[in-house]
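The structure is given below, and queries will be raised subsequently.
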Amino acid sequence: ATGLNAKAKSAGKLYFGSATDNSELTDTAYVAILDNNSEFGQLTPANSMKWDATEPSQGTFTFSGGDQIANLAKSNGQLLRGHNCVWYNQLPSWVTSTSWTSSELLSVVQTHCSTIVSHYKDAWDVINEPFNDDGTFRTDVFYTVTGTQYITTALQAARAADPNAKLYINDYNIESTGAKATAMLNLVKQLKSAGVPVDGVGLQCHFIVGEVPTSLQSVMQQFTALGVEVAITELDIRMTLPETQALLTQQQKDYQSVVAACMAVEGCVGITVWDYTDKYSWVPSTFSGQGDACPWDSNLQKKPAYTGIMTAL
Ligand code: XIL
């Protein structure tokens, strides 16, 4: 097997994939690597399936950006991960600035989820980032107005829209044991015992060089023990700049240990990097002074991290 996806698949995983964004698709050198099914067997749109992009005003759906990435995945024989149905961020103002009753907002959630999930296949982050770091529910508009009912409504709408799509709840800081992982475990348990459809938990895995959690594998096993699959959905491992040889070497080890954790868990179905190159990483604009988080550098050259991934697969 020559590339990341080819090796992941021959080792029994479904895919190795990457996030991408529409604005990057005019970069032909970038796209040539993204299109290579031996490296990437799955794509996630970093922005173009979010609520502000897909339903900018109530009942008006725009699929052009999402379709561009869905069509690319299809022509490359790659799986598609929809991202995402319900999230507190990147919401159009009509969602956040209306005083909804609970039943009104649930109907809005139902329409949004069923429309976008019926339009795109494979897997969906139906719920994104529902928890605060202390394990309490994030008090966004959805939770404030409906309690946890929005989670049930979104998952049920997604299941009805596409019975074959894998439906996920996705979050960060659930990759090590602690209050937030426990809260996610409890939510999955409750949903399953109530008969609410949930197929998987996405562990985002936005990590820092030298700080990969040692309990990653055991947390993933705790989730799969509940009867759901897990996926590493947004992997990147950032460093404080400037980059040094020592940091690149540690980053290689860190990528290797994250991928090894997924390999050791049967129900960990695949790994997605949150874009494959430092050229387009979200990290520098979000975490001041940090970057170089991806397995390819900003000149589209493979870094030691690439070898770390390959070694673990
Ligand atoms: C990020 C995108 O990569 C950026 O381009 C955008 O400006 C902000 O959102 N967790 C998620 C993703 O679930 O949707 C976020 O994506 C990164 C953190």
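Note that ligands are numbered from 1 as they come in the structure, with each ligand's atoms numbered from 1 the same way.
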**Request:** State the atoms of ligand 1, each with its element, that fall below the 4.0 Å cut-off from a heavy-atom position in W87.
**Result:** 14 (O)
**Request:** Taking only Lys NZ, Arg NE, NH1 and NH2, and the carboxylate oxygens of Asp or Glu, determine whether K180 and D134 approach each other closer than 4.0 Å.
**Result:** no
**Request:** Classify the side-chain pair E39/Y306 by whether it contains a donor and acceptor separated by less than 3.5 Å.
**Result:** yes
**Message:** Before we go on, tell me: are the rings of W274 and F207 under 6.0 Å apart, centre to centre?
**Reply:** no
**Asked** For ligand 1, which atoms have a heavy atom of N47 less than 4.0 angstrom away?
**Response** 2 (C), 4 (C), 5 (O), 6 (C)
**Complete:** If you scan protein heavy atoms around atom 11 (C) of ligand 1, the nearest is E234 OE1, 3.0 Å
**Item:** Exercise: identify the closest heavy-atom pair between C205 and L216
**Value:** SG-CD1, 4.4 Å
**Request:** Using a 4.0 Å heavy-atom cut-off, say whether N89 meets ligand 1 through its side chain, its backbone, both or neither.
**Result:** neither
**Asked** What atoms in ligand 1 come closer than 4.0 Å to a heavy atom of H83?
**Response** 11 (C), 12 (C), 13 (O), 14 (O)
**Asked** What orientation do F61 and F63 show, parallel under 30°, tilted 30 to 60°, or perpendicular over 60°?
**Response** parallel
**Asked** Just heavy atoms, cut-off under 4.0 Å: does N128 contact ligand 1 by side chain, backbone, both, or neither?
**Response** side chain
**Asked** Which word best sums up how the rings of W51 and F142 line up, parallel for under 30°, tilted for 30 to 60°, or perpendicular for over 60°?
**Response** parallel
**Asked** Under 2.5 Å between the SG atoms of C268 and C262: is that the case?
**Response** yes
**Prompt:** So which heavy atom in the protein is nearest atom 3 (O) of ligand 1, and how far is it from that ligand atom?
**Reply:** W274 NE1, 2.9 Å
**Request:** Report the member of K50, M49, Q90 with the shortest heavy-atom distance to atom 16 (O) of ligand 1.
**Result:** K50
**Prompt:** Judged by non-hydrogen atoms, does Y172 sit under 4.0 Å from ligand 1?
**Reply:** no
